[in-house]
There are 2 protein chains.
Amino acid sequence: MKFVKIPSIVITRLSTYARNLKILEQKGVDVVSSVRLADICGTNPAQIRKDLAYFGQFGVKGVGYYVKELLFEIGKILGLDKEWRLGLVGVGNLGLALLRHTHFMNHGYTFVAAFDEKPERIDIRIGDIEVAPLEAINRLVKEKGVEIGVIAIKPVWAQKAADMLVMAGVCGIVNFAPIQLQCATHVFIENVDFSLKLDILCYRLTSARSRQRR
Amino acid sequence: MKFVKIPSIVITRLSTYARNLKILEQKGVDVVSSVRLADICGTNPAQIRKDLAYFGQFGVKGVGYYVKELLFEIGKILGLDKEWRLGLVGVGNLGLALLRHTHFMNHGYTFVAAFDEKPERIDIRIGDIEVAPLEAINRLVKEKGVEIGVIAIKPVWAQKAADMLVMAGVCGIVNFAPIQLQCATHVFIENVDFSLKLDILCYRLTSARSRQRR
DNA sequence: TAAAAATTGTAAAAAAGGTAACAAAAAAAG
DNA sequence: CTTTTTTTGTTACCTTTTTTACAATTTTTA
Ligand SMILES: NC(=O)c1ccc[n+]([C@@H]2O[C@H](COP(=O)([O-])OP(=O)(O)OC[C@H]3O[C@@H](n4cnc5c(N)ncnc54)[C@H](O)[C@@H]3O)[C@@H](O)[C@H]2O)c1
Ligand SMILES: NC(=O)c1ccc[n+]([C@@H]2O[C@H](COP(=O)([O-])OP(=O)(O)OC[C@H]3O[C@@H](n4cnc5c(N)ncnc54)[C@H](O)[C@@H]3O)[C@@H](O)[C@H]2O)c1
């Protein structure tokens, strides 16, 4: 079999498809065409069909896609058919919000550990989680089976936290700090970047305004 | 002059360049070459030069780019040479974290208003901000000059909040709710999407594991 | 049962985006 | 002062991604 590299953007879209299929499922919709789904997702039908074609054939000609079935298949592709265990580094403003956010738990993601510089200051217990000191990362990542690290500390400390997570065996990191993390190539990093999005908006608003003036 | 459409991704990279130039400036670096900057930003030098070429000539042949000057110019391009006023909808877990986050204020972004369904429940005052009921959006957006709306409420309510913001005259929205907002074409929307990033990581980890097994 | 309509999967074409290469200019070395 | 080195700005080329087009298949209509 020929190896085909799957573009990152395809994965992003698959996640969007899954999200909207879930909504359709809740609404009791059984079958959806690529045209309808594209409309909902804000993309084009051929794109959906081509994205899916990377992984196989999931539709029925003349009919469309069975919502439940496609959702299941995309879940399998993305690896959402299992529980993923998250470990949080930095239980500050943002970190607390993330821990308290129950939405993830309903979607296959569970925080199983949390770390902070000054754990004694933070008296939070959510289910099994107790905030531990940074030094405990190595032990707890293994004990609790942390697979994905979530970094929510100040940019200056973020790299060190990433290094410790990787040393402990974590291969996936979601980084909220506005800084470019440098990790070994076997480690996958995704950034969630609010300021970046603000900057993009500023540019759009600014250039829209200057276009109006002309 | 020929109109050249500037790809979205170029703007994203400009923001990254600006962020790293700021760090270089703080370190006291005066001049940087596209090779060095590319190395720091994790891209390629030709890309940086081409990105900048969309907007003009900012370097000196044989020398490189003057850090302060390039930073200033990129700031001007992105529209960061002014204060931007933000209005928050949803002062819950995430919303509070955003309000309390002072980083933005140091970078040209200021929250000037905050709205919640049950404002009486939330006793927070940060500077001039007092949490107001949703009905006050129209009045306060105008009074406080809100230019960018930040949505941090449950997905089901997000569209309504967006509509109200747009009605009040807001043309830029950063949306934290995991839902596709539908707005008029003159409104710019940027999504900050944690679950999406988690899904991408899951896919990468899953496919890396299945590759190992082979 | 036959014709028309709907819709997928995929090949081919078109568009967009990224990379390499190099002339031009400045600085450094000889 | 001349040659070599450094480095930008830009063109041409290459790669990736998106869109179009259509045969193949199923369902619906007549
Ligand atoms: N708060 C937000 O709304 C927001 C939004 C976008 C991005 N961010 C980013 O998220 C990160 C965290 O923001 P925040 O507002 O929660 O900050 P914060 O200061 O409220 O929290 C940081 C927490 O990390 C802990 N900490 C500090 N150094 C540490 C270390 N070396 N190891 C472990 N823990 C350590 C602190 O004790 C604190 O509890 C920052 O990088 C920020 O830029 C925050
Ligand atoms: N908490 C997180 O870490 C996190 C992370 C990623 C995304 N999100 C998303 O951000 C959004 C908010 O999350 P949260 O954890 O802060 O939720 P939350 O329930 O803590 O807060 C929601 C707030 O919005 C208010 N509200 C409800 N309906 C409203 C309405 N119609 N108008 C105005 N205010 C209204 C509520 O009173 C509450 O204060 C959600 O869409 C969530 O999916 C949250």
Side-chain angles (χ1 to χ4, degrees), chain A residues 1-17 20-21 24 29-74 77 200 203, chain B residues 1-18 20-21 24 29-74 77 200 203-204:
Chain A
M1 198 182 104
K2 206 168 63 180
F3 177 76
V4 180
K5 208 225 148 210
I6 290 144
S8 211
I9 187 116
V10 171
I11 306 305
T12 308
R13 283 194 299 259
L14 283 187
S15 173
T16 309
Y17 303 158
N20 286 295
L21 285 168
L24 286 174
V29 177
D30 282 336
V31 178
V32 69
S33 72
S34 59
V35 174
R36 170 116 181 264
L37 188 57
D39 195 44
I40 296 169
C41 297
T43 179
N44 122 350
Q47 182 121 75
I48 295 185
R49 299 203 297 271
K50 186 141 194 237
D51 285 349
L52 294 174
Y54 280 106
F55 302 97
Q57 304 187 172
F58 307 106
V60 183
K61 290 182 183 177
V63 180
Y65 301 90
Y66 293 104
V67 172
K68 274 184 207 294
E69 194 184 307
L70 185 56
L71 188 51
F72 175 79
E73 293 293 342
I74 294 180
I77 293 166
I200 296 171
Y203 170 76
Chain B
M1 196 182 106
K2 206 167 67 181
F3 176 76
V4 180
K5 207 224 148 211
I6 291 145
S8 210
I9 188 122
V10 171
I11 306 304
T12 308
R13 283 194 298 260
L14 283 186
S15 173
T16 309
Y17 304 158
N20 286 295
L21 285 168
L24 286 174
V29 178
D30 283 335
V31 179
V32 69
S33 70
S34 58
V35 174
R36 171 118 180 262
L37 188 57
D39 196 44
I40 296 170
C41 297
T43 180
N44 126 345
Q47 181 119 79
I48 294 185
R49 298 204 297 271
K50 201 172 178 203
D51 285 348
L52 294 174
Y54 280 106
F55 303 96
Q57 304 186 173
F58 306 106
V60 183
K61 289 181 184 180
V63 180
Y65 300 90
Y66 292 104
V67 172
K68 273 184 207 295
E69 195 185 307
L70 185 56
L71 188 51
F72 174 79
E73 293 293 342
I74 294 180
I77 293 166
I200 296 171
Y203 170 76
R204 299 217 173 293

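If you're wondering where the values come from, they're calculated on a predicted model, not measured in any experiment. We name chains A, B, ... by the order of the sequence lines, and we start the count at 1 in each one.
Remark: A:Tyr54 is not in phosphate contact with D:dT17, judged by side-chain N or O atoms under 4.0 Å from OP1 or OP2.
Counting non-hydrogen atoms under 4.0 angstrom, A:Pro7 reaches the backbone sugars and phosphates but no base.
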Can you pull every protein N or O that's under 3.5 Å from an N or O on nucleotides 10-13 of chain D?
{"from": "D:dT10", "atom 1": "OP1", "to": "B:Gln57", "atom 2": "OE1", "distance (Å)": "3.2"}

What are the atom names and distances for every N/O pair under 3.5 Å that joins the protein to nucleotides 24-30 of chain C?
{"from": "C:dA26", "atom 1": "O4'", "to": "B:Lys61", "atom 2": "O", "distance (Å)": "3.2"}

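For the pair A:Tyr65 OH and D:dT27 P, the computed distance is 15 Å after rounding to whole Å. Atom CG in A:Leu52 sits roughly 10 Å away from atom C1' in C:dT8 (whole-Å rounding). Atom pair A:Phe58:CZ and D:dT26:P shows a separation of 18 Å (rounding to whole Å applied). Rounding to whole angstrom units, CZ of residue A:Arg13 and C1' of D:dT16 are separated by 12 Å. A:Ile48 has its CD1 atom 15 Å from the P atom of D:dT20, to the nearest Å. To the nearest angstrom, C1' of D:dG9 lies 15 Å from CZ of B:Phe55.
Here the side chain of B:Gln47 is nearest to one of C:dT19, D:dT8, C:dG17, namely C:dT19.
Using a 4.5 Å heavy-atom threshold, the side chains of B:Ile74 and B:Leu70 count as touching. The shortest side-chain heavy-atom distance between B:Ser34 and B:Tyr65 falls under the 4.5 Å cut-off. Side-chain contact check for B:Asp30 versus B:Tyr66: every heavy-atom pair is 4.5 Å or farther apart.
Checking C:dG30 for Watson-Crick or G-U wobble geometry (two distances, each under 3.5 Å) identifies D:dC1 as its partner.
Near DNA chain C, meaning a heavy atom under 4.0 Å away, the residues from residues 33-44 of chain B are B:Asn44.
For A:Leu71, the side chain to side chain contact (heavy atoms under 4.5 Å, CB included) partners at least two apart in sequence or on another chain are A:Ala18, A:Leu21, A:Lys22, A:Glu25. For A:Asn44, the side chain to side chain contact (heavy atoms under 4.5 Å, CB included) partners two or more places apart in sequence, or in a different chain, are A:Ala46, A:Gln47.
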Would you tabulate the side-chain donor-acceptor contacts of residues 50-63 of chain A under 3.5 Å, counting partners in other chains and residues two or more places apart, or write 'none'?
{"from": "A:Asp51", "atom 1": "OD1", "to": "A:Arg13", "atom 2": "NH2", "distance (Å)": "3.0"}
{"from": "A:Asp51", "atom 1": "OD2", "to": "A:Arg13", "atom 2": "NE", "distance (Å)": "2.7"}
{"from": "A:Asp51", "atom 1": "OD2", "to": "A:Arg13", "atom 2": "NH2", "distance (Å)": "3.4"}
{"from": "A:Asp51", "atom 1": "OD2", "to": "A:Tyr17", "atom 2": "OH", "distance (Å)": "2.7"}

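Side chain of A:Thr16 to main chain of A:Thr12: a donor-acceptor pair is present (N/O by atom type, distance under 3.5 Å, no hydrogens or angles).
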